[in-house]
Each structure stands twice: as C-alpha cells, then as structure tokens.
Amino acid sequence: MTTLARRTHTCGEPRARHSGSRVTLQGWVDAHRDLGGVVFMDLRDRYGITQVTVDHRSPPQARQAAAAARLEYVMQIRGTIIPREKPNPDMPTGQVEVLADSVELLSSTLPLPFAISDDCNANEDTRLRYRFLDLRRPALQENLLTRHKAALTARLYLDSQGFTEVETPVLTRATPEGARDYLVPSRVHPGSWYALPQSPQIFKQILMVAGADRYFQVVKCFRDEDLRADRQPEFTQIDMELSFADRELVMEIAQGLTTAIWRQVLGVEAGPFPRLSYHQAMSRYGCDAPDTRFGLEHHDLTQLLQGTAFRIIAGALEQEGGICKAFLVPGAAGSTSRKTLDSWTELVRTHGLGGLLWAKVVQGKWTGPLARLGQQERSAIATSVDATPGDLLLLAAGPASRVHAGLSALRLHVARVRELIPRDQFSFCWITDFPAFEFDEGQQRWVAVHHPFTAPLPQHVPLLGSGREHEILSDAYDLVCNGHEIAGGSVRIHDPQVQSRVFHALGLDRRQAEEKFGFLLEALRYGAPPHGGIAFGFDRCVMLLCGTENIRDVIAFPKTTSAQDLMSGAPGTVDAAQLAELHVTNAASG
RNA sequence: GGGGUUGUAGUUAAGUUGGUGAUAACGCCGGCCUGUCACGCCGGAGGCCGCGGGUUCGAGUCCCGUCAACCCCGCCA
C-alpha cells in the first residue's frame, strides 16, 4: 500500500544547485523510456517536468514499478537529485535528474483517448469530452494561470482605487430589451420565472443610489444567443460603476485597469488609447471595433461617383442610403490572382453585398472591372485614395450597412492573408459617441444601441420625442483592442424624468416601464448620484493576453457552439416529478 | 433560421475515374535492450469507414437525408 508523502519540490523546481538533495516528487508520467537496464520517466506537474532515472542503483521494487509505469500514471518518486551525464539544454530542469530509490504508483489510468501534449491535434469534441485531460496540457494550464493573474490584478487595482466588490443576484427577473434570457422556474410561485442576468446593470446602478460610490464585480453573465469563436452562453465581466463620474473619469479608471493588467500579466505597457467617434470609426474602418494594428483604411467615394455612368455603382447610389467606399491594398496588383479576387467577392457577398469591384493599378492604366470608369473618375479616385502603380483597389457600392459590413470583413481578411498584422502588438482605441437608438425594422420601433439606461449626450436630450431620435448620440464608450471590443460602458441616466422619456422613445409606455424597470425608476427618485460605469469582457481580454482566437482556450469548462457541455452532458433531461414540482410541462415532442 | 468545412482503429491521417485482402504513424498488449529525452528493435491485438436510406453486379468512394464538432451570416441592449 502506497503511503502518500509530502512532496519536497514541484516537478519544475530541480536545478543544479539542488544536487545531492533528497527529494520527493509527485506527478504524472509525461514520458516513459524503458531501455531495459535503465528506465527514464519524465514526471510532470503544472510547474514543469523533471527526469527520473531508475537503474541498477535503485532497489528492485523501484525498478519493477518504473518498468510497469505508463503514460499519465500518477507516481510518487523519492530519490536524490544528481547532475546528468548528458544534460538536456531544452529543459529548464535539464541539468539534473532524480535518481530514484523509491517509485510508487498513486494512480493508474485507462487507455488515453488522446495524447497529453501541446502539439496534440485531436478533434475538439474529443478534447471537450475529456476536458480534464485536455486541461493537463501545459498550454491550457498556462492560460488558466494567465486568467487568474488578470483577475487578481483587476481586484488589487480596483481595490487600490477605492472600489468595493459587491455580489449581485444570479436569480433575478427577466427584462425586455437585449439578449434572450436564460430562465429558471420558481417552485414557490407557480408560473413565475427568474432570469439569469445578462449583466448586473440595474443592480449596480441601484448600488450607486445606495451610496456604494465605487462598485466592481468579477461576475458571470448569461445570454441565450447563438455562439461564435469569441462568445459563450455564460461569460465573465469585470463590471464596475462609479458615482459622481463623467466619462473622463470612467475612461481614466478603465485605462488604469488595462495598463495594470497588461503590465502585471505580460510585462507590456498598454497604450496609447486614442479616441475615435463612432462616426469616424465607421467612416475609416466600416465597423465600431476596428483592428488598428494595420492600415487599409476605407475611403468614401459616394460624392465623387455621384452621377457616374458605371451602371452598378450608379444603381447602388440611387437607392436611399446607398454609398460607395473603397480601400487600397498597396503593392497587391501583381500578387493577387483572379481566383483570390473571386474568393474575396464571395466573402463580401456573405455580408449582403452584390459583389466586389476592383482594379489593378498598373503603369498609367487600370485593369479589372473598374477600368470601365471614365478617365476623370479614375484619376479622381486615384488621387482620393492615393493610388500608385502596383496597387490593388477594392470597391463596393450598396446600402451603407452592407458596404460597411462587407468591406470591414474584407479589410480584416486581406490583412490576414497578406500578413499585414504585426504579431505581439496591442493596439487600443476608444470608440465614443454612439448613436443612442437604431430603428428595428422587424419590430418597427426604436431600440437602444447600448442599453436603455445610457445617457444621451446632454445637448441631445431635447431631441427625445422630437421624431429625430436617429440624431441622438449617447455618452457611451467602448474600449477596443486589436479589433475586439474588450469593454463597453456609459454615463447613466440619473434623472427619472429623462429615463421615462427614453423608455417612451423605445415605445415602452409608462405602465410597461413601471412593470419592467419600476424598481430602478423608483430608486432613481430617491437621490440618485450622477454615475457611470464600464464592463470588461474578461474572457476576451484573457484571449488577447494568451494570444488565442478561441474563447474555449481561456475557460476551464466551456460549451460547444450548440451550448452543450460535452463533459457533463449539460443540458440534460430531468424527471417528470422535478418538472411537476416546478409547475412546468415539456412542450418538446419526443 | 441560413451558408461553409470536417467526420475512416483509442488518436491523427492516407485511401486514385466505384473493383480482390481497408493502410500508415502514434498509442495499447507481449518480448528484447544500461544514458534516453519523438529512445531503438521484434511480434500482436484493435474497424458500425458518424448514422439512415438510395443508385449499382459491387459503395469508405456516387446521390439524398440526418446527426455532431468547428467557422461565418442572422442574432448577441
């Protein structure tokens, strides 16, 4: 029977200076090389790997146990650290090895479904099914550690700035607007439901009314929407709210937090944090979360091409809200094949554009579809986008939203395939002054772009109810890094009158507003301090810090794109009795 | 809800215009091996070719449907 000993060192610790020390190590067998008379075992824990040697100097029992060991068995080794006959410069512990005098099996394993190795490329569903094995891989261990360091730094920084971490309810009530809610039936109140929070928005505002002054929380949020590479149904925010704060103060704190995290986790100085208005971002990049690590900026050619004889463009511009924009890929004329251009056309089509127009700028003339433009138009465009021979011009015309969506996706794609994106660089920017409302064609009403508690810019408050809602800008701000929105926030409405007018603009009458948000409206009537806040998408921040494009790499137990946990089997069925107790019947057939 | 990619041994992959026995590497099992670090050598076991239909004398291969994972659009205040 093996007796569990206390380890003296981790598997990452042994160095030449430990030579001669008696040690006890515990860990997983990472490699097993049985040469007959000598067995080498690499023992791994999350701190590193140390080579264990078992040969004629070891007692028979140890030699037997070492020979019987297999990959991923859990072993307890006692022995002496000695310098290696042949050091391995590729291992941090490679100067030494442990000459074992005791080799004990703590736990064996079933045959492994895949190799525990960073270059293992087993299918993701297999790895998610056996997440406990996948997480043993050093790369994922490292990601969890990075996540921990980032969260710890956030707590320490925010504490140093006078913030208090306050927990808000997970069982709360459904609110209209926003994402689909995850619902939890009430046992005690038949027919009533809790909702899991999409964010602690209302509670943190009420905490401001309650005098918390500076609140933060590392908090799970839940949204029942379809998933993406950077989206999970439950995700974590670093959520914060400040009383007596204007946007400058919130942005200052957010920059301070970002700087602290990047410095502490990566040793990198974050910043600068330039600012772009939403309008500027759309006009230069076609999206509100631009990757500013590279150029390929968009140019608006709508005015320039008014009245063009080029039928496709003229047709697009005649439509209400039709625009024409283009960007230049320097030096790409010669190296971009027709096939590539066809694939780029397909890409913009997925964003609703009819197609992509292009021209290769060669000495003195253009080739490609846009060569049919008039001479004057060509030279005006060339001047506008600063085209020089050898460049490739990519142009789209159509409804503004589609042109922006298509060309911003294309800008990113072209930058990737042409390797224009610098590695290991973080490019931050603030996007400010978002439109407060957008018209939802489906619902035939205005909806909040941010959320309904976002303050309009003070000078735009009078426009509420004027029929000019589309002109209202909000006092909101997003922090963007490398094309990812990593934080978003706003100054909030603290005047119940203004809040009521916003609800009215959103088509919620007094009764509906009171029913859905009455508790916030009521709180605002009892001495609400001016306040504002911001929430960081923590998982996305950690993705950036870890250098991964996949949110599942930074979450210990993530879900698939169909919101299943392949390890636990969630979601699962429940007993009829359990449903009955909750006053719920199952409408799903089969 | 829509589009795309993928699915063959425990794992990763090969498998040609449909044509004899479904192949390799790693892992697993057995044997040998005293300085390996991707140890090496010899031998062995292991298959619902995702699932269901169809075409065909014959399907891993062609067609239809379906399921799952991933990526994208819609959606995500």
Side-chain angles (χ1 to χ4, degrees), chain A residues 30-42 49-58 63 67 70-72 82 84-91 93-94 97 99 109-117 119-130 133 175-181 198-199 201-202 221-233 235 343 346-353 401-402 405-406 409 412-413 434-438 440 442 446-454 474 476 485 488-490 502 506 535 537 549-552 559-562 564 566:
Chain A
D30 193 65
H32 185 250
R33 295 178 293 276
D34 185 346
L35 277 62
V38 57
V39 176
F40 297 103
M41 270 190 299
D42 290 348
I49 294 175
T50 292
Q51 175 166 290
V52 174
T53 303
V54 184
D55 63 14
H56 64 276
R57 293 166 288 182
S58 311
R63 302 181 64 172
R70 293 293 177 268
L71 294 180
E72 297 306 311
I82 58 172
R84 284 206 204 181
E85 280 179 30
K86 289 185 187 167
N88 182 344
D90 297 332
M91 292 174 73
T93 63
E97 62 193 356
L99 177 61
T109 174
L110 289 173
L112 297 166
F114 53 84
I116 311 300
S117 149
D119 53 21
C120 148
N121 53 345
N123 273 330
E124 203 168 355
D125 46 350
T126 312
R127 294 177 19 213
L128 287 172
R129 161 98 174 70
Y130 298 95
L133 295 179
T175 51
E177 311 285 315
R180 194 177 294 113
D181 288 312
Q198 297 172 28
S199 84
Q201 184 61 37
I202 294 176
C221 303
F222 305 86
R223 293 174 192 178
D224 187 4
E225 296 292 348
D226 289 341
L227 307 177
R228 285 288 188 285
D230 63 350
R231 253 196 250 159
Q232 282 273 302
F235 61 98
S343 76
E346 271 315 301
L347 174 69
V348 301
R349 283 200 173 125
T350 67
H351 293 267
L353 282 176
S401 61
R402 294 181 184 188
L412 201 58
H413 180 76
F434 288 80
F437 308 105
E438 65 186 351
D440 185 310
W446 294 98
V447 296
V449 167
H450 201 58
H451 57 59
F453 320 113
T454 300
S474 62
E485 179 199 326
S490 63
V502 168
L506 292 173
E549 294 287 314
N550 183 338
I551 198 170
R552 294 179 297 276
K559 294 183 174 57
T560 66
T561 47
S562 64
Q564 284 182 290
L566 296 181

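Below, chains carry the letters A, B, ... as their sequence lines are ordered, and counting in each starts from 1.
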In the structure shown, which nucleotide is the Watson-Crick or G-U wobble counterpart of B:A13, with both distances under 3.5 Å?
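Here B:A13 is engaged in a pair, and the nucleotide opposite it is B:U23.
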Identify the nucleotide, in any strand shown, that forms a Watson-Crick or G-U wobble pair with B:U5, with both distances under 3.5 Å; if there is none, say none.
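The base-pairing partner of B:U5, which may sit in any strand shown, is B:A69.
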Set of side-chain hydrogen bond (donor to acceptor under 3.5 Å, both in side chains) partners for A:Arg33, sequence neighbours left out:
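For A:Arg33, the residues satisfying side-chain hydrogen bond (donor to acceptor under 3.5 Å, both in side chains) (neighbours in sequence not counted) are A:Asp42, A:Gln51.
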Got a sec, which residues hit side-chain hydrogen bond (donor to acceptor under 3.5 Å, both in side chains) with A:Arg223, two or more places apart in sequence or on another chain?
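In terms of side-chain hydrogen bond (donor to acceptor under 3.5 Å, both in side chains), with neighbours along the sequence ignored, A:Arg223 is linked to no residue.
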Write out a two-atom table: protein N or O, nucleotide N or O from nucleotides 23-29 of chain B, distance below 3.5 Å.
| from | atom 1 | to | atom 2 | distance (Å) |
| --- | --- | --- | --- | --- |
| B:C29 | OP1 | A:Arg70 | NE | 3.4 |
| B:C29 | OP2 | A:Arg70 | NE | 3.0 |

Look at the side chain of [X] against the base of [N] and say whether a donor-acceptor pair falls under 3.5 Å; ignore hydrogens and angles.
{"X": "A:Arg57", "N": "B:G35", "answer": "yes"}
{"X": "A:Arg84", "N": "B:C37", "answer": "yes"}
{"X": "A:Glu97", "N": "B:G35", "answer": "yes"}
{"X": "A:Asp226", "N": "B:C76", "answer": "no"}

Pairs under 3.5 angstrom, nitrogen or oxygen only, protein versus nucleotides 68-70 of chain B, please.
| from | atom 1 | to | atom 2 | distance (Å) |
| --- | --- | --- | --- | --- |
| B:A69 | OP1 | A:Thr560 | OG1 | 3.1 |
| B:A69 | OP1 | A:Ser562 | OG | 2.8 |
| B:A69 | OP1 | A:Gln564 | OE1 | 3.1 |
| B:A69 | OP2 | A:Ser562 | OG | 3.2 |
| B:C70 | OP1 | A:Thr561 | N | 3.2 |
| B:C70 | OP2 | A:Thr561 | N | 2.7 |
| B:C70 | OP2 | A:Thr561 | OG1 | 2.3 |
| B:C70 | O3' | A:Arg552 | NH2 | 3.0 |

If every non-hydrogen atom of A:Pro452 is compared with every non-hydrogen atom of A:Leu506, which pair is closest and at what distance?
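In terms of heavy atoms, the two residues are closest at CB-CD1, 3.7 Å.
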How close do A:Leu133 and A:Pro113 get, counting heavy atoms only, and between which atoms?
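Answer, listing the atom of A:Leu133 first, then A:Pro113: CD1-CD, 3.5 Å.
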Looking at residues at least two apart in the chain, or sitting in another chain, which of them share a salt bridge (charged side-chain N to carboxylate O under 4.0 Å, His left out) with [X]?
{"X": "A:Glu225", "answer": "A:Arg180"}
{"X": "A:Arg228", "answer": "none"}
{"X": "A:Arg231", "answer": "none"}
{"X": "A:Asp181", "answer": "none"}

I'd like to check the ring-ring contact (aromatic ring centres under 6.0 Å, His included) partners of A:Phe437; sequence neighbours left out, ordered by chain and number.
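Scan of A:Phe437 (ring-ring contact (aromatic ring centres under 6.0 Å, His included), adjacent residues dropped) gives none.
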Between B:G35, B:G74, B:U12, which nucleotide gets closest to the side-chain atoms of A:Asp55?
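The nucleotide sitting nearest to the side chain is B:G35.
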Between B:C76, B:U36, B:G10, which nucleotide has the shortest distance from any of its atoms to the side chain of A:Arg231?
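Comparing B:C76, B:U36, B:G10 against the side chain of A:Arg231, the answer is B:C76.
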Determine whether the side chains of A:Thr53 and A:Glu97 contain a donor N or O and an acceptor N or O closer than 3.5 Å.
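Indeed, the side chains of A:Thr53 and A:Glu97 share at least one donor-acceptor pair under 3.5 Å.
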For A:Pro233, enumerate each residue passing the side-chain contact (heavy atoms from CB on, under 4.5 Å) test, keeping only those at least two apart in sequence or located in another chain.
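Per chain and number, A:Pro233 pairs via side-chain contact (heavy atoms from CB on, under 4.5 Å) with A:Tyr182, A:Leu227, A:Lys559, A:Ala563.
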Enumerate the protein-to-nucleotides 2-4 of chain B contacts in which both atoms are nitrogen or oxygen and the separation is below 3.5 Å.
none

Those residues of residues 34-41 of chain A lying under 4.0 Å from RNA chain B by at least one heavy atom
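Of all residues in residues 34-41 of chain A, the ones placing a heavy atom under 4.0 Å from RNA chain B are A:Asp34, A:Leu35, A:Gly36, A:Gly37, A:Val38, A:Phe40.
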Run the salt-bridge test on A:Arg127 and A:Glu124 with the 4.0 Å N-O cut-off and return the result as yes or no.
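No, A:Arg127 and A:Glu124 are not salt-bridged.
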